[in-house]
Every structure is written in C-alpha cells, then in structure tokens.
Amino acid sequence: LGLSWWSHVEMGPPDPILGVTEAYKRDTNAKKMNLGVGAYRDDNGKPYVLNSIRKAEAQIAAKKMDKEYLPIAGLAEFNKASAELALGDTNEVIKSGRYVTVQTISGTGSLRVGASFLQRFFKYSRDVYLPKPSWGNHTPIFRDAGMQLHAYRYYDPKTCGFDFAGALDDISKIPEQSVILFHACAHNPTGVDPRPEQWKELAAVVKKRNLFAFFDMAYQGFASGDINRDSWAVRHFIEQGINVVLSQSYAKNMGLYGERVGAFSVICKDVDEAKRVESQLKILIRPMYSNPPINGARIATIILTSPDLRKEWLEEVKGMADRIIDMRNQLVANLKKEGSSHNWQHITDQIGMFCYTGLKPEQVERLTKEFSIYMTKDGRISVAGVTSGNVGYLARAIHQVSK
Amino acid sequence: KIKLKCRALPPPPPIDGQNLGTYRTDEGQPWVLPVVKKVEQKIANDASLNHEYLPILGLPEFRANASRIVLGEDSRAIKENRVGGVQCLGGTGGLRIGAEFLRRWYNGTNNTATPVYISSPSWENHNSVFVNAGFKDIRAYRYWDAAKRGLDLEGLLEDMESAPEFSIFVLHACAHNPTGTDPTLEQWKQIAAVMKRRFLFPFFDSAYQGFASGCLDRDAWAVRYFVSEGFELFCAQSFSKNFGLYNERVGNLSVVGKDADNVQRVLSQMEKIVRTIWSNPPSQGARIVATTLTCPQLFAEWKDNVKTMADRVLLMRSELRARLQALGTPGTWNHITEQIGMFSFTGLNPKQVEYMIKEKHIYLMASGRINMCGLTTKNLDYVASSIHEAVTKFQ
C-alpha cells in the first residue's frame, strides 16, 4: 500500500505563456519588462480597473441582492445585451429572435461549450480549421472536446502580415461542411487582421464551400476602439446568410478577467431551432459547472444597459485601444531613432493587444538574457505591457539584437 | 329563507419543498449570511483589489484553507504536505475536474472502462458528470432501503465486495442527497475496510459540511477517517450551501495523495484539464471564503451563521415529527429526525405526493423528497395535517 495511484502521472509541462510571467517575477533587474502578459496595463504598467466598472460595482453593492443560483444558461439580461453588443440591436437576427446566447466562463468556457456542442451535434464533420498560428489554447480546447484540428495559412512571416492568397487557397480546399474558426478582430497572437474587402472574399469562399463558421471575438472594442468596427466581420458573415456561432469574452474590453464573463451564441434558422439548441447547450453545461458565476455578468449587464455607463465604458475602451496604438507608434519611432534599418511597419499595421515582432527565438532569448525583457518564444509581445516610460528601452534592446 | 353566501377560501400560498437545494429562512426568504455581507463590503471598499486573472488552480489562500476546512486543523496529511486543492466552479465543477482527471490518469491511462459507482438514489447530476467526463461504465450501488426507510448497509457492502477492483465509488460525505440518510460512524468504518481491501477509489462529494449537523468537524468525520486510514482520495467541496454563495460558484477539489511529489504531479495535470474548460476560476466567491476563513473573528461568525441554518432545519425536523406523532399519522416518523441535512425522503408514495401537490399546494419531488427549508413555524401545522390526510386517504 506504499504505492500511489499517481506514480505514473507525468509532470505536466509548464504553460508556455504563464511560464514567461513566472520567470519575469524571479528576475531582479529593475528595468525588467513583462511583455508576455495578456492583460491590459496602464501607462504606469499597472492593472487598470475601469471607472465605469467601479461605478457598476458600487450600484451592485448598494442593491444588496441575493445569491440564488442563476439559471443554467446564465443571466438572461446579460445574454440579450451581449448578443446585441455583438450584432447591433437593430440586427435582423436580434429582432427575429433566431439566436440563442448563453452565459459562459469567459472566452475559454464559451469555446469549450461551443466545441462540445459541435462534437455532439455537428454531424457533418469532426474537423476544425484554425488559422496558422492561433491562440495556443484553441487546439487543446477543441481536442479535449473531441474534435480534430487542422490549419489554414494565415500569417506571412515574410511580410509580418496577412497571407491573404494563402488563406484563400487553403480555405477553398477545405472539405465541405468542415468547421472553420476565425478571430473576429485583433488576431491573437499576430495582431494581423484581414481588411474588410478581404473579409468579403473570405465570407464568399466560406459560403461556396459550405463551411461552418466559428468566430472567436475576445477583443470587441479593444482592437480599433470602435465596437461596431471590430464586429464588422461577424455581422458581414451573418448578412451573407452564414449562420455563425460566436464566442465572446469581456475579460479585456471590460477588464473583467478574473470574473470570467463570456457568452456563446448560435445564430439559427428560426426561433424554434434556437429553443432546441438552447435546451441542448444547457444539457452540456449542467455536468460541467451547473450554472455560471453571477458577479461579472451583473457588472457587464449594468454597463451594457445603462446609457451613461455604457457611454463611459465605450470611452474607456477607446482609451485603452488608443494607448496601445500610441505605444505601437512610439516603438516604431524609437526604433528609427535608434538607427534600425529594418522595416518595422508591421508593428503599426498590426492591431490589438499583441504584436508579432518578427524576432527569431535566438533574438528573443537575447532580449530576455541581456535586457530582462520577457516575451513568448514566437516573438509575440503584448503591447499592453509597453509604457511611455519603457518604450525607449525596448526599442534600444530590439535594435541591439536585430542590427 | 336565509341565503348563506359562502365565499370560497383562497387557496393557501404554495409551500415549496421542491426548492433545489437552497436554504430559506423562517420567513421563506433566501438568506445572505451576515458574515458574507460584511466581507463583501470589505472587498468592495478595498481599492487595492482588481479583477486580474487568478492562477489556473485558483486563489492560493482559498485552496489551502478550503482543504484545511474539510481535512481538519490538525490534519496529518496537510502537515505532511500531501494535500492539494483545485479551486472549481461549485461542487459540480469539482466533481467534473476530478472525473476528467480520473478518466485520464486513474487505473492506467485513459481507462474509460473503469466502473464508476453512484449511490441509488443520488443527486441526479452525478451520472451526467461522469458520463460526460468519458466514463463508459456507470453503475449503481445499493443505498436506500425504501421498506425500512434507512440505509441498506448490507446491500451497499455486498455491492462493494462484488465491484471490480479499482472501481471508483462516489460517496456523500454527509447529508446524503436526496435521502438525508448517512452511514453511522461504525458503518463508515465497515465501508472503509471493504474499500481498502478491494482497492476501491473514494471520491467524496461534500456539499453540506457544517450544514448537516451544525458542526464542521462532525460533518467531515467520514472524509477524515478515510484519510487517517491511508486512502488516496478526492473530495469535491461546495461552498454554495454552507456559505450561501450559490451563484458565485465556489468549490474546491481536495486531492489527498501518498506524498508531496505525487500530489504536485497530479496538480500539474489538473492545470491542463482546467485550462481547456474554464482557464482559471472566478475570483469573487473565493475571495469571500478565503477572507472569512483566514480571520479568526470572521471564521467564528461564519460558524455561527452555519449553525443558525443547521439548527433551523433540525428544529423543523423535530417539530414536524412531533406533530405527526401527535396526530397519530399512520406509519413511523422517526426517519424525519434521523435523516440529516436539507432533504428528507418522507416515504410518501406517488399518489400521496400528488395529493400533497394538487390538493394541498405543498410541492415535493415525486420521490417523496422534501426540502426541509420549505418548512416554517407558520406552516408546520398545515404541512403535518396535510401529510396526515395524504397518508390516511391513500395507501
């Protein structure tokens, strides 16, 4: 009886992204920078709790509400507001009610519920196509849900931009009725988004190949500063008659990371189909965690449905997006000042929290070892971790390892 | 001729005994624990707090203290550093993460054929959790003896003896749902002995610690006994009921292993499982619990709040039983006070239940399960007389 049941259990590899933060914490260099973090930081490098969120929280505290279980599908008001945020409240889908939205455990929970739903009910295919590269967690989520992963060309390392021709070529060859995942905006990790004209062509080929479109929208409002602009692709696909499924996260655009606020929506043929889909989503959710946590959803609902707070929130989101854009501009300007001869235009062409610098693993390693600048091996930096106080240091370091 | 104008009495307000496992005050209202209100205010006033991600396994102070609550202050296993916690979304989340882990790593790797035994009856979601985690062979073990209205210990032990070695058994730590019938200490010892001999894996579901008897230690006796007997086990803890934090989804999966090294490797694999289901858990509820458990004053206040809830349920049980006995209601009614926790298997049959619902507007489950929290000092007489009617009208 001295033996453990777990003797054969292997030590899991450290999470590649979290491992960066762990190493950063151990570093004693005063100039150290954490550019692995996927969370927004203000210009002092501090976490930022939005004022609109604080106000919403104060309202909640004053109301002294009970702690009774939410329904399995979550807070109904939140679900409605979330769908309206994504599609616009005058959208035909919203008006007709031919959709279902369930509250989920942020973006991850939404993707997992969606993936599990497809595994059980999408009888046409097990195949899910992700852009290459994609968020690191997409693959394990779909795999654990029982789907098979494939990729379509997306990022062009030669241009540090969108491989449009490659994407169209690959997508046009995907077997009909496969599932294809798109990042709605602010592609993670590359920051490379298709332009509207390119989205139109992507929608056309998706329609032609009868592919099932799964949108992951974790940065609405956070990418361009404009919530309607950031959800344009999703709305366009729907307008083209493509009934998409959609994952939303409020981690970044409301700064509600640890409250785990998200939603999963299925655009349906009609209200009846939506009701049937909802019943099955509930059957999937119940044995996962029964019903979702209320705190973050209450905050988000107040924000979305109170005109003043919604206005304030949109301004704060734009503020975050603008600061990111400003840092991109400053980084490029500083690199020029350092005398770098490389073309760094991709830094300002890319959008959202992340930037694929184009730096190679050896260069990344030098940045970490010689300058205490922490980022993931693929050369991805979180622009959110850059401040006006350290952008000069970053530019100098990048120039040193790339000249 | 005198015409008597009789006005029909308005129907009595419905009595909700179907209520899905949430506490109600004597006024029939939900109850946010006073200590929770206090702590939430503290959290709201703390400008230094933000909404950053928790680690994948959750808030460290929550995990450690939650495990300490179930295993005890003086737990040798904790001292020996062979206990780990995974913050999960309620008890359900703890069960699911535990089940997902067992399916991947227990009794080989990815052994979906390992039998999982669930009590007959049990919480109806247990089955779903293990099926969705990938287990193919879910079985029932005998538990409730309807004839004697008690534990079918003989059947239970027989099922354990005949279960394939290494089978997983889902055990209710206390306040069995739905029967309210727990093994006695001696019976737990017998259960543990069989499980040890047959290499059966104990997966405890602890959703009512403190809520059952009013005493945290007493309600954790079975789990602690198994640990002291050297078992490696899982315990899915829920803080929904004993903290009244239902909608914040606060739970902890406690892992007790042979040594620290094994537990560390288990936790590293738990991280991978968590990462693809919810990435990291919600912070609000865990903060409330951790703050409460780590402050002696608040901790004392919480235990007091828990005792308030448990005592009210115990009072309703004894008052209901007393009334039924006073009425001379046919049958024996000691099970009402011998059973423990929120639920009671009244023993009413479907016809009697139908009468209760349709004629008396007292809602209980078809199984005869009633949530004792639906009873109040105001409706006790009515409920007792209604049960009396149901039992005398229908056999």
Side-chain angles (χ1 to χ4, degrees), chain A residues 1-15 18 38-39 47-49 53 57-58 60-61 64-70 104-109 111-112 116 137 140-145 251 254-260 283-284 286-296, chain B residues 20 22 30-32 36-37 40-41 44 50-56 88-93 96 105-109 125 128-129 131-133 196 201 230 232 240 244-249 257-259 262-266 268-269 271-273 275-285:
Chain A
L1 258 176
L3 208 58
S4 168
W5 281 119
W6 318 124
S7 310
H8 66 300
V9 175
E10 299 149 15
M11 193 65 173
D15 188 285
L18 293 175
Y48 172 54
V49 178
I53 268 59
E57 287 183 293
I60 291 168
K64 304 192 185 311
M65 290 177 273
D66 66 38
K67 300 239 169 257
E68 296 298 284
Y69 287 121
L70 277 178
T104 57
I105 316 300
S106 205
T108 299
L111 288 161
R112 181 56 179 266
S116 300
N137 207 18
I141 289 172
F142 280 97
R143 204 191 309 119
D144 279 4
M254 286 197 179
L256 289 174
Y257 308 92
E259 303 294 336
R260 319 309 293 128
I283 289 171
L284 282 164
R286 175 79 163 132
M288 267 190 208
Y289 51 84
S290 278
N291 42 75
I294 198 168
N295 196 47
Chain B
L20 301 164
T22 58
W31 193 51
V32 179
V36 167
K37 284 187 187 165
E40 278 195 309
Q41 196 57 58
N50 55 40
H51 293 291
E52 292 298 290
Y53 288 124
L54 285 181
I56 296 175
C88 293
L89 270 77
T92 306
R96 180 60 177 266
W105 296 103
Y106 176 71
N107 195 22
T109 49
N125 205 20
S128 279
V129 169
V131 166
N132 279 271
K196 193 187 269 199
F201 186 86
E232 291 186 301
S240 292
L245 286 174
Y246 311 97
N247 64 19
E248 302 286 1
R249 316 309 295 126
K258 273 281 176 293
D259 54 49
N262 274 292
V263 171
Q264 283 318 302
R265 282 181 282 106
V266 166
S268 75
Q269 293 297 344
E271 276 193 357
K272 288 182 68 180
I273 294 168
R275 190 64 165 125
T276 65
I277 300 184
W278 57 61
S279 268
N280 44 78
S283 63
Q284 181 71 356

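Order of the sequence lines fixes the chain letters, A, B, ..., with proteins taken first and strands second; residue numbering starts at 1 for each chain. The figures here come from the full heavy-atom set of this structure, side chains too, leaving out hydrogens, waters and symmetry mates.
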Structural part of [X] lying under 4.5 Å from a heavy atom of chain A:
{"X": "B/Pro55", "answer": "neither"}
{"X": "B/Val36", "answer": "side chain"}
{"X": "B/Asn125", "answer": "side chain"}
{"X": "B/Glu248", "answer": "both"}
{"X": "B/Asn132", "answer": "side chain"}

Query - Heavy-atom proximity to chain B below 4.5 Å, by part of A/Pro292 - result: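 For A/Pro292, backbone heavy atoms alone lie under 4.5 Å from chain B.
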
Query raised in the report: Non-hydrogen atoms of chain B under 4.5 Å away: do they reach the side chain of A/Asn295, the backbone, both or neither?
Result: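 It is both, since atoms from each part get that close.
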
Query raised in the report: Side chains of B/Trp105 and A/His8: closer than 4.5 Å at any heavy-atom pair?
Result: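 When only atoms from C-beta onward are counted, A/His8 and B/Trp105 do touch, with a gap below 4.5 Å.
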
Report task. List the steps, then state whether side chain to side chain contact (heavy atoms under 4.5 Å, CB included) holds for A/Ile105 with B/Arg249. Result -> CA-CA 11 Å; A/Ile105 316 300; B/Arg249 316 309 295 126; over 6 Å; no

Requested in this report: Might you point out which heavy atoms bring A/Tyr257 and B/Asn280 nearest each other, and give the distance in Å?
Outcome: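 Result for this residue pair: O-OD1, 4.5 Å.
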
Requested in this report: First locate atom CD of B/Gln41, then atom NZ of A/Lys64, and finally report the distance between them rounded to the nearest 0.5 Å.
Outcome: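 Between B/Gln41 CD and A/Lys64 NZ, I get 5.5 Å after rounding to 0.5 Å.
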
Requested in this report: Evaluate the criterion side chain to side chain contact (heavy atoms under 4.5 Å, CB included) for residue pair B/His51 and A/Ile53; output intermediate values, then yes/no.
Outcome: CA-CA 10 Å; B/His51 293 291; A/Ile53 268 59; 4.0 Å; yes

